[in-house]
Amino acid sequence: MKTITLCMGVSGSGKTTKAEKLAEFFEDYCGVHAVLCSADDYFEDETGEYVFDPKYIAQAHKECQHVAETAMRRGLTVIAHNTFTQRWERKPYYDLADKHGYTVNQIVCDGKFKNVHGVPDEVIERQRARWED
């Protein structure tokens, strides 16, 4: 079955860890390679250092969608891990799923871990405040 899984939650909720563990599970127990994509990937330089620039956030999300669609064209399993705090942010992935005959799974991560990108607490609280199921 062709699936895309959306791992969503506020910054520091465990999205990336969950996505990576899920990809390992698919590989180890199902023999399926999963393509991971995240807007955060856009902000990693050639050494792997995270260098966030908010003026490029829209481009980062477009790139994540592009990676997801490229994988879907090949029939691969996809795991996208972004905050996805509002429904409209998830919609492009649902549209891609419809276009390519994929089933969408959603995983909401609600842990409270130290976020690895240094997102300020007030930004995380704004993410929580705008959360839509």
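Computation of the quantities below employed the complete heavy-atom set of this structure, encompassing side-chain atoms and omitting hydrogens, waters and symmetry-equivalent molecules.
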Partners passing ring-ring contact (aromatic ring centres under 6.0 Å, His included) against Phe26 (at least two apart in sequence or in another chain): none

Qualifying salt bridge (Lys or Arg N to Asp or Glu O under 4.0 Å) pairs with a residue from residues 72-86, counting only residues at least two apart or across chains: Glu69-Arg73

Could you tell me which residues satisfy side-chain contact (heavy atoms from CB on, under 4.5 Å) with Glu49, sequence neighbours excluded, listed by chain and number? Asp45, Thr47, Val51

Could you pull out all residues at least two apart from Tyr102 that satisfy ring-ring contact (aromatic ring centres under 6.0 Å, His included)? none

Residues passing the ring-ring contact (aromatic ring centres under 6.0 Å, His included) test with Phe113, sequence neighbours excluded, are none

Should Leu22 and Met8 be regarded as members of a common hydrophobic cluster, given that ILVMFWY residues are connected when their side-chain heavy atoms come within less than 4.5 Å of each other, either directly or indirectly? no

So which atom in Ala60 and which in Ala39 form the shortest heavy-atom distance, rounded to 0.1 Å? CB-O, 3.6 Å

Return the minimal non-hydrogen interatomic distance between Val78 and Cys37, and the atom names on each side. CG1-SG, 4.2 Å

Using a side-chain heavy atom cutoff under 4.5 Å and only I, L, V, M, F, W and Y, what cluster partners does Val119 have? Val10, Val123, Ile124

If a pair satisfies side chain to side chain donor-acceptor pair (under 3.5 Å) and one of its residues is in residues 108-122, list it, with sequence neighbours excluded. Asp40-His117

Hey, could you give me each pair passing side chain to side chain donor-acceptor pair (under 3.5 Å) that has a residue in residues 13-35? Not counting sequence neighbours. Thr16-His81

Residues in side chain to side chain donor-acceptor pair (under 3.5 Å) with Ser11, at least two apart? Gln127

With a 3.5 Å cut-off and sequence neighbours excluded, list the donor-acceptor pairs that the side chains of residues 85-94 form with protein atoms.
{"unit_1": "Thr85", "atom_1": "OG1", "unit_2": "Glu89", "atom_2": "OE1", "d": "3.1"}
{"unit_1": "Thr85", "atom_1": "OG1", "unit_2": "Arg130", "atom_2": "NE", "d": "3.1"}
{"unit_1": "Gln86", "atom_1": "OE1", "unit_2": "Trp88", "atom_2": "NE1", "d": "2.9"}
{"unit_1": "Arg87", "atom_1": "NE", "unit_2": "Asp133", "atom_2": "O", "d": "2.8"}
{"unit_1": "Arg87", "atom_1": "NH2", "unit_2": "Asp133", "atom_2": "O", "d": "3.3"}
{"unit_1": "Glu89", "atom_1": "OE1", "unit_2": "Thr85", "atom_2": "N", "d": "2.8"}
{"unit_1": "Glu89", "atom_1": "OE1", "unit_2": "Gln86", "atom_2": "N", "d": "2.7"}
{"unit_1": "Arg90", "atom_1": "NE", "unit_2": "Phe84", "atom_2": "O", "d": "3.0"}
{"unit_1": "Arg90", "atom_1": "NH1", "unit_2": "Glu132", "atom_2": "O", "d": "3.2"}
{"unit_1": "Arg90", "atom_1": "NH2", "unit_2": "Phe84", "atom_2": "O", "d": "2.9"}
{"unit_1": "Arg90", "atom_1": "NH2", "unit_2": "Glu132", "atom_2": "O", "d": "2.4"}
{"unit_1": "Lys91", "atom_1": "NZ", "unit_2": "Asp95", "atom_2": "OD1", "d": "3.0"}
{"unit_1": "Lys91", "atom_1": "NZ", "unit_2": "Asp95", "atom_2": "OD2", "d": "2.8"}
{"unit_1": "Tyr94", "atom_1": "OH", "unit_2": "Gln106", "atom_2": "OE1", "d": "2.7"}

Pairwise distance CE(Met1) to OG1(Thr103) - rounded to 0.5 angstrom: 5.0 Å

Report, as yes or no, whether the 6.0 Å neighbourhood of atom OH on Tyr56 holds more than 12 heavy atoms from other residues, nucleotides or ligands. no

Would you please name every residue forming a salt bridge (Lys or Arg N to Asp or Glu O under 4.0 Å) with Arg128, sequence neighbours left out? Glu125

Determine whether Tyr42 and Cys64 satisfy the following criterion, side-chain contact (heavy atoms from CB on, under 4.5 Å), listing intermediate values before the conclusion. CA-CA 8 Å; Tyr42 185 86; Cys64 183; over 6 Å; no

Checking Ile107 against Thr5 for the side-chain contact (heavy atoms from CB on, under 4.5 Å) test, could you report, in this order, the C-alpha distance in whole Å, the side-chain angles of both residues, the deciding distance, and whether it holds? CA-CA 7 Å; Ile107 297 175; Thr5 301; 3.7 Å; yes

Is the closest side-chain heavy-atom distance between Leu96 and Ile4 below 4.5 Å? no

Shared-cluster residues of Val67, by chain and number - hydrophobic side chains joined below 4.5 Å: Val35, Leu76

On a heavy-atom basis, the closest approach of Val108 and Trp131 is CG1-CZ2, 3.8 Å

Can you check side-chain contact (heavy atoms from CB on, under 4.5 Å) on Phe52 and Ile57, steps first, answer last? CA-CA 9 Å; Phe52 180 74; Ile57 193 70; 3.9 Å; yes

Spacing of Asn105 atom CG and Thr3 atom OG1 [to the nearest 0.5 Å]: 5.5 Å

